[in-house]
Number of protein chains: 4
Amino acid sequence: MTPKRIDRQARREEILDAAVRVFARKGFTASRIDDVANEAGIGKGSVYLYFDSRDALLNAAFEAFAARSQHVLDQARRGGDPPLERISALVHAVLRALSEEPDLARILLDLWSAGREGDLPLDMAGLYAQYRTVLTELLAQAGAEGSARPGLGERHATVIVGAIEGCLLQWLLDPRLPVEEMADPILDVCLNGLRCRDESQAGR
Amino acid sequence: MTPKRIDRQARREEILDAAVRVFARKGFTASRIDDVANEAGIGKGSVYLYFDSRDALLNAAFEAFAARSQHVLDQARRGGDPPLERISALVHAVLRALSEEPDLARILLDLWSAGREGDLPLDMAGLYAQYRTVLTELLAQAGAEGSARPGLGERHATVIVGAIEGCLLQWLLDPRLPVEEMADPILDVCLNGLRCRDESQAGR
Amino acid sequence: MTPKRIDRQARREEILDAAVRVFARKGFTASRIDDVANEAGIGKGSVYLYFDSRDALLNAAFEAFAARSQHVLDQARRGGDPPLERISALVHAVLRALSEEPDLARILLDLWSAGREGDLPLDMAGLYAQYRTVLTELLAQAGAEGSARPGLGERHATVIVGAIEGCLLQWLLDPRLPVEEMADPILDVCLNGLRCRDESQAGR
Amino acid sequence: MTPKRIDRQARREEILDAAVRVFARKGFTASRIDDVANEAGIGKGSVYLYFDSRDALLNAAFEAFAARSQHVLDQARRGGDPPLERISALVHAVLRALSEEPDLARILLDLWSAGREGDLPLDMAGLYAQYRTVLTELLAQAGAEGSARPGLGERHATVIVGAIEGCLLQWLLDPRLPVEEMADPILDVCLNGLRCRDESQAGR
DNA sequence: TATGAATGAGTGTTCATTCAT
DNA sequence: AATGAATGAACACTCATTCAT
């Protein structure tokens, strides 16, 4: 709360933003502390006044990412709208959040990689587990109220989360894909399915 | 003057397998040439008799991966079965192939990361583009013959590819997820949708 | 924000001097970056703060050498003294310069070797060409004014340059030879010749 | 004397010739055993059946070079011609020998470098000392018989040797120089001098 | 607080040499 | 004798981290 704190916090943020831009541009592995310092317009040594290590920068980036996600998750948990609408809102919110901060989105590949085995204590898996839990719950509600098929469970939630992340992945690998326009197709496919609905009629 | 008993191809394969195991265990970035050599039970220098560089190992791993994918893609292109069945077969084939070679699957994160920014000429994006093309074509056929909704396009294909890869991702981040059992849920969601089919009736 | 007390130029010079000492002692090929760092009393990595590569060290040594040569050449070009005296001054200056910096002289062998085949852009040949040009010009002047035989050309200049460098070579291979005392013999031989002047008389 | 011996000797010679060609082309330091084996059209391991080590190849090249030199030296020592003619013959012989085996000449730089400090027991210095001794002796004889100035000593011999080697050096650094035509200019300069002979007359 | 010079552990790669065939 | 696959010591170079100023 002291002005110092605020300054310090702001400085830290600046550096983190610079780091995220650098990571987004060349990937974490290829990014040097020097690159981050240059991007932030400060000396290399100063980075260490705000972050313990190079890995800590990626950790902080993860935390920023996780915070955005928590916000989206909280909204999905709280809302009083019908469950399918909340699912729709969730999917839109995730993709909108990333569209609005493309640099943060572009480090997803690094976060996924770092979220493996020992290195960083960076729990991407836990984040996706939360998404699955929320969606599983919403699907259950939707099933209960008759707007979704009955008997839906975590695996179906996994598919929805997968569709979102898988579309992000394809966009990361090929930025020409219009990620911000993928929310509706994702929802269309997952909610309505691709099979012809008039099958019984057509089958006649 | 003897043709030398050594089968270069087989030796190369052995080393590549060792490399894939190492990469799967600790990730490409954290893997040292020495690790690969030890895993293969040979000297460090010998790796270079079969691969030009450390990167070349990841490249070769990609090629092995891409070869498997091509096989799956070719089958999806050739088959004479109804389009929705071929889509089903495709999804099953992809997940089965990776279940059967989990180490190859576990390097997906590295292949995705390497598929960025010039470093390696490793075209993961092109691979997914092929999946999208095949699926787009199959959806069009299905639409034409009435088994799928009309008007389906590449975006819907993108969602299916995304669902597959997104489920793989979740498994990679949390190996407790039963990836080999996700084919059916993926198909269930994507083909049938999650919404209640009797909606019109229920909607009154 | 302090301009840092470190004088980059001076530091660079220190390292270069250390490198020259090391090269002089064991030859460039046998000299390790670590040797240079140790000789300079700094860490290995610090060498790279001032030089791009090991080769760059030899390059810089060449430049130092070439700068000394340019100085000598410039003096030979400018002076208004009689041409034979300027040649004499040139020979003395070359040998004195090298006597005064024996370490710089001792890397001549490396500079000659490096001046071959593309590796380094280190133009020893050009340096000697300059010496030949200057001497050719001075011989022509001397011929015109009658102090030297008429009809002298570049080949005679080549012989003078050769005599200098060849004496240096013999000294480098056998340091017991008194290089600093060779200027007069070189001039004596080249100017006066070894043949007996009274040959016609003596020939009777 | 056994046919085996002869074969072995011939094989050794072939490999040495190949090595000399390779060294001449890229310099000893940049030459790999593999290069030599390829040039000789044999397997890498086979080189070691005839030479103990890579350095031994350069040593053998030196010995070949030294043998040629010994031949030239012997002729200079034996002949019964007037001393100045024998000096002339010596200079011509040295340059002719090298012109006729340019590859052997081109490794001079490497021989000079190797003839330094410890590494190889390769005595270039001793070779040049022999030339100096022979020339010193011939100059003394010439002085005694009145064809050369009296009072000539080892330093004058050093200059002659220097002129030869220095011209070779310039040719090695710039192959456009016509080394085979330098014998006469060298002799002209060293025997007749460059100064105008009619100085006393002109001085009047 | 801020800096950037200094460091040295770490690693990819090379290549002379060995040796089983 | 001949081979070339295998080896591992050696080394140039990088870069995260430290610390004196």
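Please read these numbers as outputs of a predicted model, since none were measured by experiment. In what follows, chains carry the letters A, B, and so on, assigned in the order in which the sequence lines appear, proteins first and then strands, with residues in each chain numbered from 1.
Nearest-nucleotide assignment on DNA chain E puts the 5′-proximal partner with C/Ile42, out of B/Ile33 and C/Ile42. The nearest heavy atom of DNA chain F to C/Ser31 and to B/Gly43 marks one nucleotide each, and the one closer to the 5' end goes with B/Gly43.
Atom pair D/Leu57:CG and E/dC15:P shows a separation of 16 Å (rounding to whole Å applied). Atom CG in C/Asp7 sits about 14 Å away from atom C1' in E/dA5, given to the nearest Å. Atom-to-atom, CG of C/Asp34 to C1' of F/dC13 comes out at 11 Å; the value is rounded to the nearest Å. Between D/Leu58 atom CG and E/dA16 atom P there is a gap of 13 Å when expressed in whole angstrom units. Rounded to an integer number of Å, the gap from CG of D/Asp35 to C1' of E/dA16 is 13 Å. Atom CG of C/Asn38 is separated from atom C1' of F/dC11 by 14 Å (rounded to the nearest Å).
In terms of modelled atom types and a separation under 3.5 Å, the side chain of C/Asp35 and the main chain of C/Arg32 share a donor-acceptor contact. A distance-only check finds no donor-acceptor pair linking the side chain of A/Arg106 to the backbone of A/Val20 [under 3.5 Å]. Listed for the A/Arg54 side chain is a donor-acceptor partner under 3.5 Å among the backbone atoms of A/Phe28.
Within residues 44-56 of chain C, the residues approaching DNA chain F are C/Lys44, C/Tyr48, C/Ser53, C/Arg54, by heavy-atom distance under 4.0 Å.
Using a cut-off of 4.0 Å between Lys/Arg side-chain N and Asp/Glu carboxylate O, D/Arg21 and D/Asp103 are scored as not salt-bridged.
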Inset, instruction - Apply side chain to side chain contact (heavy atoms under 4.5 Å, CB included) to A/Ile107 and A/Phe62, showing your working. - result: CA-CA 9 Å; A/Ile107 67 171; A/Phe62 164 72; over 6 Å; no
Inset, instruction - Determine, stepwise, if the pair D/Asn38 / D/Val22 fulfils side chain to side chain contact (heavy atoms under 4.5 Å, CB included). - result: CA-CA 10 Å; D/Asn38 285 336; D/Val22 173; over 6 Å; no
Inset, instruction - With side chain to side chain contact (heavy atoms under 4.5 Å, CB included) as the test, would you mind laying out the steps for C/Phe51 and C/Asn59 before giving the verdict? - result: CA-CA 10 Å; C/Phe51 294 92; C/Asn59 236 321; over 6 Å; no
Legend entry - Worked verdict on C/Glu14 versus C/Tyr50 for side chain to side chain contact (heavy atoms under 4.5 Å, CB included): CA-CA 10 Å; C/Glu14 278 176 30; C/Tyr50 298 88; over 6 Å; no
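Taking 4.0 angstrom as the limit, A/Arg32 places none of its side-chain polar atoms (N or O) nearer than this to OP1 or OP2 of F/dT14. At least one side-chain nitrogen or oxygen of A/Arg11 sits closer than 4.0 Å to the OP1 or OP2 atom of E/dA2.
Residues C/Trp112 and C/Leu169 have side chains in contact (heavy-atom distance under 4.5 Å, counting atoms from C-beta outward).
In the helix from E/dA2-F/dT21 to E/dT21-F/dA2, the terminal helix axes, each the rotation mapping four pairs' C1' atoms onto the next four within five end pairs, subtend 0°, rounded to 10°.
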